[in-house]
Amino acid sequence: MPAGYVAQIVEKNVFGCATELVLDLPRGFEAHPGQFLHVRCGGDGRILRRPFSLTVSQRGELALLVRPAGEGSRWLCARRVGEELDFLGPLGRGFSILDAGEHVLVAGGAGIAPLRFLALDMRKRKLRPSLCWGMENEEDYGTLPEILAGECDLSLATRDGSAGFEGTALDLLFSQARTESAAIYACGPRDMLSGMARWLGEAGRERAQVSVEERMACGVGACRGCAVPVTDAGATYAAACREGPVFFARELDWERM
Amino acid sequence: MEAGLRTELAGIRMQNPVMVCSGTWGNGREYAEWIDPGALGGIITKSVTLRPCPGNPPPRIWETPSGMLNSIGLENRGLAAFLEEDLPWIAGFGVPVFVNVAGFSEEEYAEVAAEVCASGLAAAVELNISCPNVKKGGLHFSSSHEDAARMVSRVRERADLPVFVKLSPRLNDLKGMCAAVARAGADGLSLVNTIPAMSIDVERAVPRLGNVTGGLSGPAMHPVAVLAVWEAYQSVGIPIVGMGGIWGWEDAVEMIMAGATAVAVGTVNFVDPGAPLAVVEGIRGFMTRKGVARVGELVGLAHRGGFRDEGKGRAPGSG
């Protein structure tokens with residue numbers, strides 16, 4: 001059951017452009033990969049919570065992996081070990097691990113967060129996913145790829161070619177040979193997700209799940225602020241916070257995204 | 001719940017004066033996982049329209065200093081689904097349900113209000129003639145005192161429950177508007193809706209909201225709402241539900257002292273689902289501290305010179 005919590009930050013690691021905050025969560029706190037915490041961030045005049053996907057640390061503890069993008073995430077990255085975070089969670093619908101011969105994770109930037117958590121769940125089921133992860137340049141990664149290489153079949157992409165494939169995570173995905181029936185799990189910028197949805201075609205969208213990032217107010221489905229267009233004729237929009245943030249690619253209306 | 005917090009609003013008995021604002025609490029299901037709806041003074045449901053309404057294109061929200069903009073655009077599943085699935089469920093908690101009604105013509109408002117009354121499950125109708133987020137309808141119906149009064153009369157003819165009228169703070173003559181809708185048969189006022197507002201992304205030079213304009217809510221607009229309640233209290237005798245940026249019990253008490261018989265908390269629900277009940281507890285604590293026996297004694301108190309009689313300005317035992 002989601003609830004309100006105050007949890008202490010017990011460990012902080014900086015990996016390139018992203019900061020990992022490991023949380024001391026109460027016994028019995030259970031979450032699925034793709035779910036998020038709705039965190040109260042400080043800063044003058046900021047009132048709304050900010051959603052952050054749950055990730056896991058190297059030891060498998062639940063954590064946040066935050067890239068400073070706006071005021072809320074900058075505030076969060078500046079927290080220190082011992083400080084407490086006020087959040088609601090876990091919220092939203094997470095990923096479903098499909099019955100497939102091949103599992104491909106596609107991460108753009110900080111979109112790695114929920115996918116690292118998913119990779120852990122897959123390993124527990126004796127699955128070994130492959131992961132395509134894209135960043136702007138080599139410095140953005142920090143030492144995280146070295147750790148991840150032990151957790152999945154990792155390949156990297158950078159826009160400037162400073163590490164791995166030259167291009168985006170999506171370019172990297174396109175460049176690799178895949179079986180038709182591969183299940184795809186993606187999290188990253190909107191452009192990346194919509195580019196992937198177009199590339200996949202109708203059949204591929206059945207086996208692809210995407211985690212969308214939206215501005216949210218309530219985080220529980222009440223305000224309808226984080227609307228994303230869906231293909232379901234009866235619905236028109238879904239609330240990313242409750243019906244998502246993970247959707248099957250076929251559920252979203254990419255023309256209107 | 002002891003007697004002190006009980007109140008009565010247009011004949012509707014409430015266990016406390018704290019409700020939740022329309023549109024900030026869905027139809028209760030999302031927040032029933034977080035707090036007991038049965039502990040609220042009342043529930044104001046999300047705007048319902050005759051037919052399903054998809055709402056506005058995203059982005060629909062943007063945070064502003066101490067506030068937020070929204071342009072949800074009345075997204076709802078329509079009257080039939082509301083009456084069949086939502087209203088019976090939320091009415092089951094035994095607290096008064098005020099059904100917020102919106103539409104795109106006078107006939108639609110009247111039709112929806114009539115059906116809501118016929119359901120036997122609602123306590124009151126709240127007419128949303130102040131939504132800033134729909135081009136046709138919404139604010140259009142309060143563009144003049146005559147239009148608003150005609151709307152209220154049309155609904156009044158077909159509604160056998162108390163009718164509350166929710167107004168925008170952006171009116172040239174709020175007092176005149178309050179008087180006009182009261183004369184037309186409104187049983188109460190809900191003050192206020194969000195303030196029409198917008199924000200522009202300067203890097204891209206485009207509006208932040210898909211709908212271009214939206215409504216401002218949150219602490220930033222609270223003083224605007226207090227003034228509206230203050231002015232309405234001076235101009236009409238019908239009860240007022242005060243709403244707009246209430247974040248804690250002080251804001252609620254402020255509204256009551258400005259003239260509100262009850263209050264509704266809105267945007268703070270998004271941040272703290274427990275806020276409405278914290279406001280109830282805060283009012284209770286304030287009344288104890290001030291030696292106020294019934295919350296009704298606080299209604300409009302700031303118009304009457306404040307705490308000065310019978311030692312109520314002093315803490316109990318202070319002298």
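All of these numbers come straight from a predicted model, not from anything done at the bench. Just so it is clear, the values below take in all heavy atoms, side chains as well, and ignore hydrogens, waters and symmetry mates. In what follows, chains are A, B, ... by sequence order, proteins preceding strands, each numbered from 1.
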- Residues Arg46(A), Glu71(A): salt bridge by 4.0 Å N-O rule: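 Counted as a salt bridge, because a side-chain N and a carboxylate O are separated by less than 4.0 Å.
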
Highest number of heavy-atom pairs under 4.5 Å with chain B: which of [options]?
options	value
Glu214(A), His38(A), Arg50(A)	Arg50(A)
Gly45(A), Ala222(A), Cys226(A)	Ala222(A)
Val220(A), Asp86(A), Thr236(A), Asp44(A)	Val220(A)

- Task: Report, by ascending residue number, the residues of residues 80-100 of chain B in heavy-atom contact with chain A at a distance under 4.5 Å; give 'none' if the set is empty.
- Result: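 Contacts with chain A: none.
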
Which atoms of [X] are under 4.5 Å from chain A, going by heavy atoms: the side chain, the backbone, both sets, or neither?
X	value
Trp25(B)	backbone
Pro57(B)	both
Thr64(B)	backbone
Pro59(B)	neither

- Message: For Glu281(B) and Arg284(B): C-alpha separation, side-chain torsions, deciding distance, then whether salt bridge (Lys or Arg N to Asp or Glu O under 4.0 Å) applies.
- Response: CA-CA 5 Å; Glu281(B) 288 313 307; Arg284(B) 188 201 312 277; 2.9 Å; yes

- Item | Charged tip of Arg256(A) within 45° of Tyr237(A) ring normal and under 6.0 Å |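 Yes.
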
Which one wins on heavy-atom pair count under 4.5 Å against chain A: [options]?
options	result
Arg60(B), Glu75(B), Met68(B)	Arg60(B)
Gly23(B), Gly67(B), Ala220(B)	Gly67(B)
Ser66(B), Gly26(B), Pro219(B), Gly73(B)	Ser66(B)

- Task: Please state whether the rings of Phe95(A) and Tyr185(A) are parallel, tilted or perpendicular, taking 30° and 60° as the class boundaries.
- Result: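 Perpendicular: the ring planes of Phe95(A) and Tyr185(A) meet at over 60°.
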
- Separation between CG of Asn137(A) and CZ of Arg159(A), rounded to the nearest 0.5 Å: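 These two atoms lie 11.0 Å from each other.
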
- Item | Between CG on residue Leu50(B) and CZ on residue Phe104(B), distance to nearest 0.5 Å |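 The CZ atom of Phe104(B) is 10.0 Å from CG of Leu50(B), to the nearest 0.5 Å.
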
Could you pull out the closest heavy-atom pair between [X] and [Y], with the gap in Å?
X	Y	value
Ile35(B)	Leu40(B)	CD1-CD2, 4.2 Å
Trp34(B)	Leu91(A)	CZ2-CD2, 3.9 Å
Gly70(A)	Ser73(A)	N-OG, 2.9 Å

- Query: Under a 4.5 Å heavy-atom cut-off, does chain B meet the side chain of Arg224(A), its backbone, both or neither?
  - Reply: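 For Arg224(A), the contact with chain B is made by backbone and side chain together.
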
- Query: Does the pair Trp254(A) and Val210(A) meet the rule for a side-chain contact (heavy atoms from CB on, under 4.5 Å), with working shown?
  - Reply: CA-CA 12 Å; Trp254(A) 296 98; Val210(A) 298; 4.0 Å; yes

- Please name the residue in the list Leu209(B), Asn70(B), Asp201(B) that meets the side chain to side chain contact (heavy atoms under 4.5 Å, CB included) test with Trp62(B).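 The option that passes is Leu209(B).
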
